[in-house]
Protein chains: 2
Amino acid sequence: MNIGQASNASGISTKMIRYYDEIGLVRPASRTDSNYREYDQREINELRFIKRARSLGFSMEEITQLLSLWRDRERPSRVVKDIADRHIADLEARIVEMQAMAGTLRHLSHCCAGDDRPDCPILADLTAGKEPTQPAKAPARTRARYS
Amino acid sequence: MNIGQASNASGISTKMIRYYDEIGLVRPASRTDSNYREYDQREINELRFIKRARSLGFSMEEITQLLSLWRDRERPSRVVKDIADRHIADLEARIVEMQAMAGTLRHLSHCCAGDDRPDCPILADLTAGKEPTQPAKAPARTRARYS
DNA sequence: GGTGGACCTTCCCATGATGGGAGGGTCAAG
DNA sequence: CTTGACCCTCCCATCATGGGAAGGTCCACC
């Protein structure tokens, strides 16, 4: 299978397949005399593995680990589970964060007339923005020239 | 106020403040004789506006629009609301997507023993992919038709 | 045999928002 | 004057992805 067929079989663009080759994630089984990449079923399966993992939101770094575990028939499932659980926690944290954003914005949008008048609680909120809570990294200021 | 003080007052790194200058988003009011950027209260307020908008997940492009609306006292609030509503829809779509990922992964993780044995439903799922091939108990010899 | 077009190759560039760091100038306190 | 915190510009890197140029290869059709 050449790269185009590998792309069709895996759903990954040729650009990305070449990239995975370049970074050493999935290497073609061989090259033809004319330097075309040749993939066999094993690599196709790996590409599909990556496709699926990406669709579940794993980063390329996590996928590198998962792929290496996948190739290792002796891996303890605990290691895989740990990676998945960390990713779940990461997803959940980002969901919470985005829900907070959406909630705030829904409230502001709800309060905004959305007509031709300029008064806008959304802009008002952005203007009022919270003071940056300054944890202050530097204590002693030899040069406190600010007011 | 020089750039460091503007950074402290806005919560935005000096790197990013220089970047905003470079792309024309927030220009310093002036420069000193020694070419230091000088910000006054108006720019500080704009930087804080940006900080707050970023914390609500707006992209820089959206912020560019919002900032321009903020500067225009005649803007119709409708335009602001439209931007916010589109952003809310975007956030919600991403939340739904990530919830689906997290849900799938929670299920897989739940089914994974997470011990020293190699059997792992998580890797099995990634292997199975989402192709028209059977889901699970059908180890058919999907062979041939490639060469 | 020739030709056209679909394919393949490598190399370079761009994204968005951010940070790191080098190399050098400026400012105020000691 | 020295010191060191601060500022300047310029370049590079990220992460995953795509665009495109310049050139080589394959194959089916005439």
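Every chain is numbered from 1 and lettered A, B, ... according to where its sequence line falls, protein lines coming before strand lines. Both backbone and side-chain heavy atoms feed into the values below; hydrogens, waters and symmetry mates do not. Everything numeric in this text was worked out from a predicted model, so none of it was measured.
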Checklist line | Residues Arg18(B) and Glu22(B) bridged, charged N to O under 4.0 Å | finding: no
Check: At under 4.0 Å between heavy atoms, what does Ser13(A) touch on the DNA or RNA strands: base, sugar-phosphate, or nothing?
Finding: sugar-phosphate
Note to self: On the nucleotide dC8(D), are OP1 or OP2 found under 4.0 Å from the side-chain N or O atoms that Asn35(B) carries?
What the structure shows: no
Notebook entry, point to check: Any side-chain N or O of Ser34(B) under 4.0 Å from OP1/OP2 of dC8(D)?
Noted result: no
Check: Would you say dG16(C) has OP1 or OP2 under 4.0 Å from some side-chain N or O of Arg54(B)?
Finding: no
Notebook entry, point to check: NA contact type, Met60(B), heavy-atom cut-off 4.0 Å: base, sugar-phosphate, or nothing?
Noted result: sugar-phosphate
Next item on the list: Inspect the contact between Asp115(B) and Arg78(A) and indicate whether a charged nitrogen and a carboxylate oxygen are less than 4.0 angstrom apart.
Entry: no
Next item on the list: Please state how far atom OH in Tyr19(A) lies from atom P in dT15(C), giving the value in whole angstrom units.
Entry: 18 Å
Notebook entry, point to check: In Å and rounded to the nearest 0.5 Å, what is the CD1 to CE distance from Ile23(A) to Met60(A)?
Noted result: 5.0 Å
Note to self: Heavy atoms only, 4.0 Å cut-off, all strands: where does Thr32(B) land among base, sugar-phosphate and nothing?
What the structure shows: nothing
Note to self: Measure OH/Tyr36(B) against P/dC7(D) and give the value in whole Å, please.
What the structure shows: 7 Å
Margin query: At less than 4.0 Å, is any side-chain N or O atom of Arg18(A) found next to OP1 or OP2 of dG19(D)? Yes or no.
Written below: no
Note to self: Rounded to whole Å, how long is the line connecting atom CD of Glu38(A) with atom P of dC7(C)?
What the structure shows: 17 Å
Note to self: OP1 or OP2 of dT10(C) versus the side-chain N and O atoms of Arg37(A): is any pair under 4.0 Å?
What the structure shows: yes
Checklist line | Protein-nucleotide distance (Ile63(B), atom CD1; dA17(C), atom P), rounded to Å | finding: 8 Å
Notebook entry, point to check: Using a cut-off of less than 4.0 Å, is there contact between a side-chain N or O of Tyr20(A) and OP1 or OP2 of dT17(D)?
Noted result: yes
Notebook entry, point to check: Met1(A) has an atom CE; how far is it from atom P of dC8(C), in whole Å?
Noted result: 11 Å
Check: Roughly how many Å is it from CD in Glu22(B) to P in dC7(D), rounded to a whole number?
Finding: 18 Å
Checklist line | Positions of residues 96-103 of chain A (non-hydrogen atom under 4.0 Å from DNA chain C), listed by number | finding: none
